[in-house]
Amino acid sequence: MGRAFLFGDNIDTDLLAPGYAMKLPPEELARHCLEAIDPSFAAVVRRGDVVVAGRNFGLGSSREQAAVSLKLLGVSAVLAVSFARIFYRNAINLGLPAIILPLACEIEAGDELSIDPEAGRVENLTQARGYDVAPIPSHLMAMIRDGGLMPHLKRRLSIRGAGVPE
Amino acid sequence: MRRRATLVEKVIARATGKTSVRAGDIVTARVDLAFAHDSSGPRRWKPMLAELGAGVWDPAKVAIVSDHYAPAVDAESAEILKLTREFAREHGVANFFDMAGICHLVLPEHGLIRPGAFIAGGDSHTPMAGAFGAYAAGYGATDMAAIIATGETWLSVPETIRVEWSGAFMRGVTAKDVMLFLCRELGLDNAFRAIEYGGDTVASMSMAERMVLCNMAAELGADTGVIAPDDVTFAYLAERGAPVIDEAAARAVASDPDAKYCAVHRFDATALEPQIAAPHSPDNTSPAASFDGVRIEQAYIGACVGAKLSDLHMAAEVLHGRKIAPGVRLLIAPASSKTTEAAAGDGTLAILMAAGATLLPSGCGACAGMGAGLLADGDVCISSTNRNFQGRMGHAGASVYLGSPYSVAAAAVAGSIIDPRRLLSEAG
């Protein structure tokens, strides 16, 4: 459960992970996340909070630090009308649920949200309304359950190494 | 009888070992070429491969190009470059390029982009390789580390949007203008689709122009951009010592005539004017003439999309016998060292330098917000690069306009944005 932080359409990876800060360690880079449009975001956002945005969230570069920064700041999920392809994959790979919510515009800043990515359900506790969302494909849900692509792959490779069929 | 298929479906079907795939299928593909640069590659892969206890699945199918932090500007970037070199050596990656330029141009220059290949690149502009009839998509570092360890990746087979252009451009109009126009027409939100370019305009384009179309499929938000291989493709590769042996097989990757597209758009190249994208998005596009008089402090010719030899030729056409306006900085970062060498050999560099340009190293540089030529608060820049997101090229208070190399060079001479055709017609 967390509070909603609202952003508009076309939030790009340069806003999420500014180029000039890309060589900093991940925790330091995360402090610059979204600073160009919301200077207080990184300082104010708390563990469990939710980023809510419009169309094409995460467009631009392939830099995974865009999703890493949100995760390091404690963001528990991103709800958006649509996602850019590489950001979507990066988020899921890190175990950060990226959830397509066509009615994201109904959510207001600070609304308390509760999200169940596995059940495909978003509850807006402040507004007392809920949304069924498109289920995350089963092969990706398996990855999220394992904690992301790396733990998922590690499990697969160790099973393979042990000679057990997949 | 074989099911009708698009180019993208054919490449993916072959890479997945299936007779056919259709848009929406979730499949696992074997990767023919996996590449990354110094920012997204070894420095991110190393800890993940260690965690997995895995090495590089097939060093012959991996390429690494140092372009984001090269040449080093401080101790941190020097360390990143050192780690990249050491990784390539330790893992036997022979296709490692240091100080050679930007990955998306360096790889085709070395004949490594092959028609019909399934290519995974650790950079969003990987679709540039689609100009050769490959399926080439960008991936983040964790996806790439998994590919480096296993040689495979999952994907949802994209639908294809067909974009056809017919007719010849007016003088001063380029492939870059096509893409800035398409960003406005098609929008930036085309995820999980591929863009296939065709029509007589595209058929008569050089590989350099085709690379611009496919490169900026990334700006459209598409998985990739593709163009069917033809004689132009084969000649490019043959000239670089990497001929296509079975041309008939390579041609067969083209979409079937009755292939299913999710949309088909047709445009008239003869009517296209030079285009400019205003801050802070590549889809904020209007004809160059509508920005007439916007003052600039910096003009930047660089990046994978905008600093190939042909781009430097365009700038030289405008700058020949002219000087840049007082107070304007014209920075030129050729996209590869081969580009610089060719431009030095054919007299292009001499024209650019005589006009007052400053030559920068080959690399992603200011386009990626990393190298020389970054902008201050309030600076206005016109750039031949592909993105003008807020803060990308330096301070969040800077403004970046995107245009063709003609438009960038013309603005450098005038001190403000003008329709480049005004200077080209004067030049005759």
Side-chain angles (χ1 to χ4, degrees), chain A residues 9-25 32 35-37 39 54-68 81-95 137-140 143 148-158 160-161, chain B residues 26 36 39-40 44 48 51-54 68-69 74 76-77 79-80 121-126 137-146 149-150 154-156 158 187-193 218-219 221-223 280-281 283 366-370 374 387 389-397:
Chain A
D9 292 338
N10 295 319
I11 299 300
D12 63 70
T13 52
D14 286 280
L15 295 174
L16 291 160
Y20 76 87
M22 283 281 289
K23 61 188 172 226
L24 298 175
H32 300 279
E35 65 185 2
I37 51 171
R55 292 172 65 84
N56 209 14
F57 187 89
L59 78 158
S61 154
S62 66
R63 61 185 72 162
E64 193 171 54
Q65 290 89 338
V68 170
V81 176
S82 64
F83 288 93
R85 170 184 159 276
I86 302 177
F87 180 89
Y88 181 82
R89 290 184 69 113
N90 287 346
I92 301 280
N93 285 343
L94 296 167
S138 58
H139 72 295
L140 296 182
M143 197 189 292
L149 175 55
M150 277 300 133
H152 183 65
L153 195 56
K154 195 174 177 185
R155 198 171 139 260
R156 252 185 59 201
L157 291 177
S158 66
R160 203 185 270 173
Chain B
I26 291 174
S39 182
S40 70
R44 305 291 319 285
M48 290 190 261
E51 171 72 17
L52 291 173
H68 275 58
Y69 290 105
D74 54 22
E76 287 93 341
S77 47
E79 286 297 331
I80 292 169
D123 188 87
S124 60
H125 287 111
T126 301
Y139 294 86
T142 300
D143 259 334
M144 284 307 301
T150 66
W154 73 272
L155 75 155
S156 167
L188 308 183
D189 192 4
N190 293 291
F192 305 102
R193 298 189 192 108
E219 274 49 64
D223 284 29
H280 297 289
S281 180
D283 65 347
C367 177
M370 288 166 173
L374 296 177
R387 290 189 178 138
F389 299 137
Q390 188 178 9
R392 180 172 170 86
M393 286 181 72
H395 198 281

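Every chain is numbered from 1, with letters handed out A, B, ... down the list of sequences. Keep in mind that what you see is a predicted model, and the values were worked out from it rather than measured.
- Remark: the backbone N or O of A:N93 is not paired with any side-chain donor or acceptor of B:D143 at under 3.5 angstrom.
- For A:R85, the side-chain hydrogen bond (donor to acceptor under 3.5 Å, both in side chains) test picks out no residue, with sequence neighbours left out.
- Under the ring pair (Phe, Tyr, Trp, His ring centres under 6.0 Å) criterion, A:H139 pairs with B:W154, sequence neighbours left out.
- For the 3.5 Å distance criterion, the side chains of B:D189 and A:S82 qualify, holding a donor opposite an acceptor.
- A:R89 places no side-chain N or O within 3.5 Å of a backbone atom of B:Y139 that could act as its donor or acceptor partner.
- The number of heavy-atom neighbours closer than 6.0 Å to CZ of B:R44, taken from other residues, nucleotides and ligands shown, is above 12.
- For the pair B:F389 and A:T13, the minimum side-chain heavy-atom distance is 4.5 Å or more.
- With a 4.5 angstrom heavy-atom cutoff, A:I86 touches chain B only via side-chain atoms.
- Residue contact with chain A, scored on non-hydrogen atoms closer than 4.5 Å, is absent for B:A222.
- Between the A:E64 side chain and the B:T142 main chain, a donor and an acceptor come within less than 3.5 Å of each other.
- With a threshold of 4.5 angstrom between heavy atoms, A:P137 approaches chain B through side-chain atoms but not through N, CA, C or O.
- Shown here for A:S61 and B:S124, the closest heavy-atom pair between the two residues is CA-OG, 3.5 Å.
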